[in-house]
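Source: prediction; values computed, not measured. The figures here come from the full heavy-atom set of this structure, side chains too, leaving out hydrogens, waters and symmetry mates.
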Amino acid sequence: PQGFALEDILSLHRRFADDSLTDDAALVERDGRAVELPRGGVPNIKITWPGDLARAEALLAAPRGDIRTGKGYDVHRLVTPRDAAHRLMIGGIEISHDKALDGHSDADVALHAITDALLGTICDGDIGMHFSPKDARWKNADSAMFLAHAASMLAAQNGVIAHVDLTVICETPKIGPHRDAMRTRIAGILHLPLRRVSVKATTTEGLGFTGRGEGIAAEAVVTVRLPMGFDTGAENA
């Protein structure tokens with residue numbers, strides 16, 4: 001791998017655009033300057049082939065040996081929409097339905113469950129502690145903001161998300177047709193590859209409040225990696 005100051009190397013590319021030079025180092029030498037060759041190391045690899053990405057991922061994961069699992073669960077009641085702006089949101093996407101979920105925010109039961117699961121991995125309370133339903137700032141708020149906040153708290157501790165597994169529990173609407181869109185949206189909020197986000201759905205065979213169509217539940221399990229010896233503020237309080 002080669003590294004140069006952007007403005008410097010860009011100016012050299014413009015000056016010597018017509019020369020047949022092989023790489024950035026050749027540009028610097030063409031300018032009459034010496035190129036420093038620092039001693040490298042095995043982890044300092046160049047990404048050339050697909051297998052190099054897997055190797056780089058393993059090297060980055062190695063210092064984060066503290067593997068944690070968080071679980072989140074949330075329920076919201078299904079109601080007749082209050083107005084035209086009250087829509088059914090599940091997994092970060094709008095789903096056409098004759099009812100919507102009731103809550104202080106947009107009541108996205110799926111994103112709430114994932115948010116709680118992430119907060120669980122760093123032992124930092126639950127969604128209600130960070131975004132109180134009594135706070136007018138979160139009235140009709142997009143739950144994607146809550147999830148992004150939880151992810152940023154994990155990132156601030158040098159943690160990374162390894163996997164998200166979401167299960168939506170309801171009779172209607174049918175989740176299957178929207179599964180891929182949900183996965184894409186959740187992956188986007190969390191800046192994850194799609195292969196690290198799973199969305200499943202199930203019913204309760206007509207039993208309970210979900211079976212009667214009174215509400216929707218969601219359960220999420222999240223696996224994260226943190227540096228060994230990591231301690232949260234909650235643990236030290």
Novice: Measuring from atom CD1 of Ile161 to atom CG of Leu118, what distance do you get when rounded to the nearest 0.5 angstrom?
Specialist: 4.5 Å
Novice: Do any N or O atoms from the side chain of Arg183 and from the backbone of Val199 form a donor-acceptor pair under 3.5 angstrom?
Specialist: no
Novice: Find the distance between CG (Leu88) and CD (Glu94) and round it off to the nearest 0.5 Å.
Specialist: 8.0 Å
Novice: Does a donor on one side chain sit under 3.5 Å from an acceptor on the other, for His76 and Asp74?
Specialist: yes
Novice: Would you name the heavy atoms of Ala34 and Val28 that are closest together and state the gap between them?
Specialist: O-CG1, 4.3 Å
Novice: Is there a donor-acceptor contact under 3.5 Å from the side chain of Asp108 to the main chain of Gly91?
Specialist: yes
Novice: Determine, using the 4.5 Å side-chain heavy-atom cutoff (strictly less than), whether Met89 and Tyr73 are members of one ILVMFWY cluster.
Specialist: no
Novice: Met182 and Ile90: side chain to side chain contact (heavy atoms under 4.5 Å, CB included), yes or no, with the steps?
Specialist: CA-CA 8 Å; Met182 289 182 187; Ile90 307 177; 3.7 Å; yes
Novice: Distance from Thr167 atom OG1 to Ile175 atom CD1, nearest 0.5 Å?
Specialist: 11.0 Å
Novice: Ile189 and Ala144: which non-hydrogen atoms are nearest, and at how many Å?
Specialist: CD1-CB, 3.6 Å
Novice: Taking side chain to side chain contact (heavy atoms under 4.5 Å, CB included) as the criterion, tell me which of Ile67, Leu154, Asn158 meets it with Leu226.
Specialist: Leu154
Novice: Show the numbers, then the answer: is there a side chain to side chain contact (heavy atoms under 4.5 Å, CB included) between Asp8 and Leu10?
Specialist: CA-CA 5 Å; Asp8 187 24; Leu10 184 58; over 6 Å; no
Novice: Taking Glu214 first and then Arg77, would you say they form a salt bridge - that is, a charged N and a carboxylate O separated by under 4.0 Å?
Specialist: no
Novice: Side-chain contact, heavy-atom cut-off 4.5 Å: Thr203 with Cys170?
Specialist: no
Novice: Identify the heavy atoms of Asp135 and His104 that sit nearest to each other, and give their distance.
Specialist: O-NE2, 2.7 Å
Novice: Are the side chain of Gln2 and the backbone N or O of Ala25 linked by a donor-acceptor pair below 3.5 Å?
Specialist: yes
Novice: Hey, mind stepping through Ile122 and Met153 against side chain to side chain contact (heavy atoms under 4.5 Å, CB included) and telling me if it holds?
Specialist: CA-CA 8 Å; Ile122 55 173; Met153 293 179 67; 3.8 Å; yes
Novice: Between the side chain of His163 and the main-chain N/O of Arg195, is any donor-acceptor distance below 3.5 Å?
Specialist: no
Novice: Linking I/L/V/M/F/W/Y whenever their side-chain heavy atoms sit closer than 4.5 Å, directly or via other members, would Leu147 and Ile93 fall into one cluster?
Specialist: yes
Novice: What's the spacing between His130 NE2 and Asp116 CG if we round to 0.5 Å?
Specialist: 9.0 Å
Novice: Leu21, Leu37: one ILVMFWY side-chain cluster at the under-4.5 Å cut-off?
Specialist: yes
Novice: Under a 4.0 Å threshold between the charged nitrogen and the carboxylate oxygen, would Lys139 count as salt-bridged to Asp106?
Specialist: no
Novice: Are any of the side-chain heavy atoms of Leu101 and Val109 separated by less than 4.5 Å?
Specialist: yes
Novice: Could you walk me through whether Cys123 and Arg68 satisfy the side chain to side chain contact (heavy atoms under 4.5 Å, CB included) test, starting with their C-alpha distance in whole Å, then the side-chain angles of each, then the deciding distance to 0.1 Å, before giving a yes or no?
Specialist: CA-CA 10 Å; Cys123 307; Arg68 297 187 178 189; 4.0 Å; yes
Novice: What closest approach, in Å, do Gly128 and Pro133 show between heavy atoms, and which atom pair accounts for it?
Specialist: O-CD, 4.4 Å
Novice: Could you check whether the rings of Phe146 and His112 sit parallel, tilted or perpendicular, using 30° and 60° as the cut-offs?
Specialist: tilted
Novice: Can you name the nearest heavy-atom pair linking Ala117 to Gly72, along with the distance?
Specialist: CB-N, 3.6 Å
Novice: Which heavy atom of Ala113 sits nearest to which heavy atom of Ala218, and what is that distance?
Specialist: CB-O, 3.7 Å
Novice: Ile9 and Val35: same hydrophobic cluster, using ILVMFWY side-chain contacts below 4.5 Å?
Specialist: yes
Novice: Have a look at Ile216 and tell me which of Val168, Val75, Thr210 forms a side chain to side chain contact (heavy atoms under 4.5 Å, CB included) with it.
Specialist: Val168
Novice: Centres of the His149 and Phe131 rings: under 6.0 Å?
Specialist: yes
Novice: Under 3.5 Å, is there a donor-acceptor pair between the side chain of Asp83 and the main chain of His86?
Specialist: yes
Novice: In Å, rounded to the nearest 0.5 Å, how long is the span from CG of Leu27 to CG of Asp31?
Specialist: 9.0 Å
Novice: Going by an N to O cut-off under 4.0 Å, is there a salt bridge joining Asp102 and Arg82?
Specialist: yes
Novice: Under 3.5 Å, side chain of Glu171 to main-chain N/O of Gly206, donor-acceptor pair present?
Specialist: yes
Novice: Would you check if there is a donor-acceptor pair between the side chains of His13 and Asp24 at a distance under 3.5 Å?
Specialist: yes
Novice: Quick check against the 3.5 Å criterion: does Thr204 have a side-chain atom that pairs as donor or acceptor with the backbone of Gly211?
Specialist: yes
Novice: Enter the distance from Leu12:CG to Arg14:CZ here, rounded to the nearest 0.5 Å.
Specialist: 11.0 Å
Novice: Tell me whether Leu166 is reachable from Ile95 by hopping between hydrophobic residues (I, L, V, M, F, W, Y) whose side-chain heavy atoms are closer than 4.5 Å.
Specialist: yes
Novice: Examine distances only and state if a side-chain atom of Thr115 and a backbone atom of Leu111 form a donor-acceptor pair shorter than 3.5 Å.
Specialist: yes
Novice: With a 6.0 Å cut-off (strictly less than), is the heavy-atom count around NZ of Lys200, excluding the residue itself, greater than 12?
Specialist: yes
